[in-house]
Amino acid sequence: MSERIRLDPEAVASSGRALAGIAQRMADDVAVLETTVAGPGNPWGGDDSGGVFAIAYQAVLGHALQALGSHVQQMGEAALTLTEQARAVAATDASAAAALRAES
């Protein structure tokens, strides 16, 4: 069975660039979150109950930030893969077209 795929390399590359922008915004947001909850102006205050809460919260937050970081990395890798694939398809198409012109 033979199937054809139509692929617009520029549309794929554009999607890769858009995805890279989303990954960057996610990374920026994660950094802001981390700074907010781990910085000197933390949201739970400096009293004893706030300190106890902070210990438990930061343990959970560490896992959450690792997961978010993993998602950001995966988005970045997907963006790069899309862009690389678009370039590869465009290069293959150009090479095939040049070979066809050379044969005619």
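We're numbering straight along the sequence, starting at 1.
With rounding to the nearest 0.5 Å, the separation of CE in M75 from CD in Q24 is 11.5 Å.
Between A23 and V72 the shortest heavy-atom distance is O-CG1, 3.7 Å. The two atoms that bring A86 and P9 nearest to each other are CB-O, 3.2 Å, heavy atoms only.
More than 12 heavy atoms of other shown residues, nucleotides or ligands fall within 6.0 angstrom of atom CG in D47. Annotation: R87, atom CZ; neighbour count of heavy atoms from other residues, nucleotides and ligands within 6.0 Å does not exceed 12.
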Using a 3.5 Å cut-off and no angle test, enumerate the donor-acceptor pairs between side-chain atoms of residues 90-103 and protein atoms at least two apart in sequence or in another chain.
residue: T92; atom: OG1; partner: A88; partner atom: O; Å: 2.9

Identify every side-chain donor-acceptor pair in residues 76-83 under 3.5 Å, counting partners at least two apart or on other chains, and give the distances.
residue: E77; atom: OE2; partner: Q73; partner atom: NE2; Å: 3.0
residue: T81; atom: OG1; partner: E77; partner atom: O; Å: 2.9
residue: T83; atom: OG1; partner: A79; partner atom: O; Å: 3.0

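Residues passing the side-chain contact (heavy atoms from CB on, under 4.5 Å) test with Y57, sequence neighbours excluded: V37, W44, F53, L61.
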(request) Show your reasoning for whether side chain to side chain donor-acceptor pair (under 3.5 Å) applies to S14 and E10. (result) CA-CA 6 Å; S14 177; E10 182 50 41; 5.2 Å; no
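For the pair M26 and L68, the minimum side-chain heavy-atom distance is 4.5 Å or more.
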